[in-house]
Amino acid sequence: MRPQGATFDPADAWFVIPAYNEGPMIAQVAGEVLASGSRVVVVDDHSTDDTGDRALAAGAIVVRHPVNLGQGAALQTGIDLALRRGATLIVTFDADGQHRLADAVRLAQAVHEDRADIACGSRFLGVEARDIPASRRLALRAAAIFTRLTTGVPVTDAHNGLRAMNRHAAMTIRLTHNRMAHASELVGQIRERKLRSLELPVEILYTEYSLRKGQRISNSLNILADLFMGWLR
Amino acid sequence: MIIVLILTGTLSLVVLYGVRLLFTARPLVGGAVMAVAGAGILLVWDPDLSTRIANTVGVGRGTDLLVYLLFILIAMLVLLVHARFRTYDRMITELARSVAITHAREPGER
């Protein structure tokens with residue numbers, strides 16, 4: 001392990017932000033992270049709006065999928081690029097403004113202090129998620145229990161896009177589920193590949209915008225189908 | 001009687017296709033194709049044979065047995081096609097990812 005300073009330098013962190021049609025928010029989200037001194041890779045998942053141009057104008061490195069592949073694929077693309085550029089600490093961050101930079105910094109700090117290879121945010125630990133719709137809370141809880149049962153990792157919030165990982169974890173994890181099943185896949189790989197992980201409480205900002213862009217409960221059936229077909233292989 | 005000739009003709013073509021596969025890169029597949037098509041010709045000329053086989057495995061009529069076997073075959077094909085699609089999915093993903101990273105845009109350049 002590399003020598004650890006007391007607090008981590010934001011310039012060491014690479015933020016990977018997968019984005020699909022996030023034009024209205026992307027410049028603000030990427031801009032806030034960039035202002036803190038960290039590097040930002042926005043993976044434009046073949047948006048039909050000007051997401052890529054806005055992210056570039058805000059100062060982010062932009063990679064654009066030549067076809068739409070899904071959020072899992074976008075995360076893996078961003079992680080690959082950051083690794084190629086020598087990143088030692090990678091943070092995954094949502095493009096819709098629902099994550100707080102302060103939470104990301106705390107996760108990054110935990111990884112920097114080598115308390116874990118990967119630190120995952122949970123909206124169900126301590127900090128009460130405000131304004132979370134009851135139906136979504138139920139669906140997320142069910143998803144966490146399902147992930148716990150199938151992977152054996154005691155997660156409380158499997159579908160939280162806010163994570164920080166060191167280079168070792170980023171090189172070890174390989175997301176192959178292109179759409180949303182990648183969240184459970186990631187937890188499974190943490191277990192299989194013996195990564196040290198921890199969960200920290202984070203706050204999710206539920207705005208009208210993020211709710212509109214977020215997962216619909218009906219999609220959980222698609223996720224289950226994806227996972228099932230993955231096991232068949 | 002006409003149907004017997006039609007089926008025999010068609011199945012014979014399949015047997016020939018199997019023979020061709022036999023001498024190319026996939027001799028096992030060729031053998032399997034020949035065996036299945038050959039069995040088909042046998043059943044066309046002796047329909048009672050299918051019923052006798054059906055009775056030994058506990059099915060009343062030969063036609064029913066064929067329907068069950070057909071169902072199993074289709075289910076297997078669906079799974080195989082799905083697996084193949086997933087393979088293609090992964091290939092496309094790797095390809096698209098590599099293209100995307102090669103063409104990464106840096107801030108400040110236009």
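Bear in mind that the values here come from a model prediction, so they are computed numbers and not experimental data.
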Q. Can you name the residues that form a side-chain contact (heavy atoms from CB on, under 4.5 Å) with A:Ala116, not counting sequence neighbours?
A.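 Checked A:Ala116 against side-chain contact (heavy atoms from CB on, under 4.5 Å); matches are A:Leu198.
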Inspect the surroundings of [atom1] in [X] and state if more than 12 heavy atoms from other residues, nucleotides or ligands are less than 6.0 Å away.
{"X": "B:Arg26", "atom1": "CZ", "value": "no"}
{"X": "B:Arg20", "atom1": "CZ", "value": "no"}
{"X": "A:Gln28", "atom1": "CD", "value": "no"}

**Q.** Heavy-atom closest pair, residues A:Gly59 and B:Pro107
**A.**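 Residues A:Gly59 and B:Pro107, closest heavy atoms: O-CG, 3.3 Å.
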Q | Shortest non-hydrogen separation from B:Arg97 to A:Ala73 and the atoms involved | A |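 Scanning both residues completely, I find the closest heavy atoms to be NH2-O, 2.9 Å.
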(Q) For the CD1 atom of B:Ile101 and the CZ atom of A:Arg64, what is their distance to the nearest 0.5 Å? (A)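 Going from CD1 on B:Ile101 over to CZ on A:Arg64, the span is 15.5 Å.
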Most chain B-contacting option - heavy-atom pairs closer than 4.5 Å, from [options]:
{"options": "A:Thr77, A:Val41, A:Asp80, A:Leu81", "value": "A:Thr77"}
{"options": "A:Arg84, A:His46, A:Gln76", "value": "A:Gln76"}
{"options": "A:Asp44, A:Val67, A:Thr176, A:Val43", "value": "A:Thr176"}

(Q) Quick check: do B:Arg105 and A:Val42 have side-chain heavy atoms less than 4.5 Å from each other? (A)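 No, side chains not in contact.
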Q. Relative to chain B, which segment of A:Ala60 carries a heavy atom at a distance below 4.5 Å: side chain, backbone, both, or neither?
A.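 Looking at A:Ala60, just its backbone touches chain B.
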Q. Using non-hydrogen atoms only, which part of A:Leu69 is less than 4.5 Å away from chain B: side chain, backbone, both, or neither?
A.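 Side chain of A:Leu69 only, per the 4.5 Å heavy-atom cut-off to chain B.
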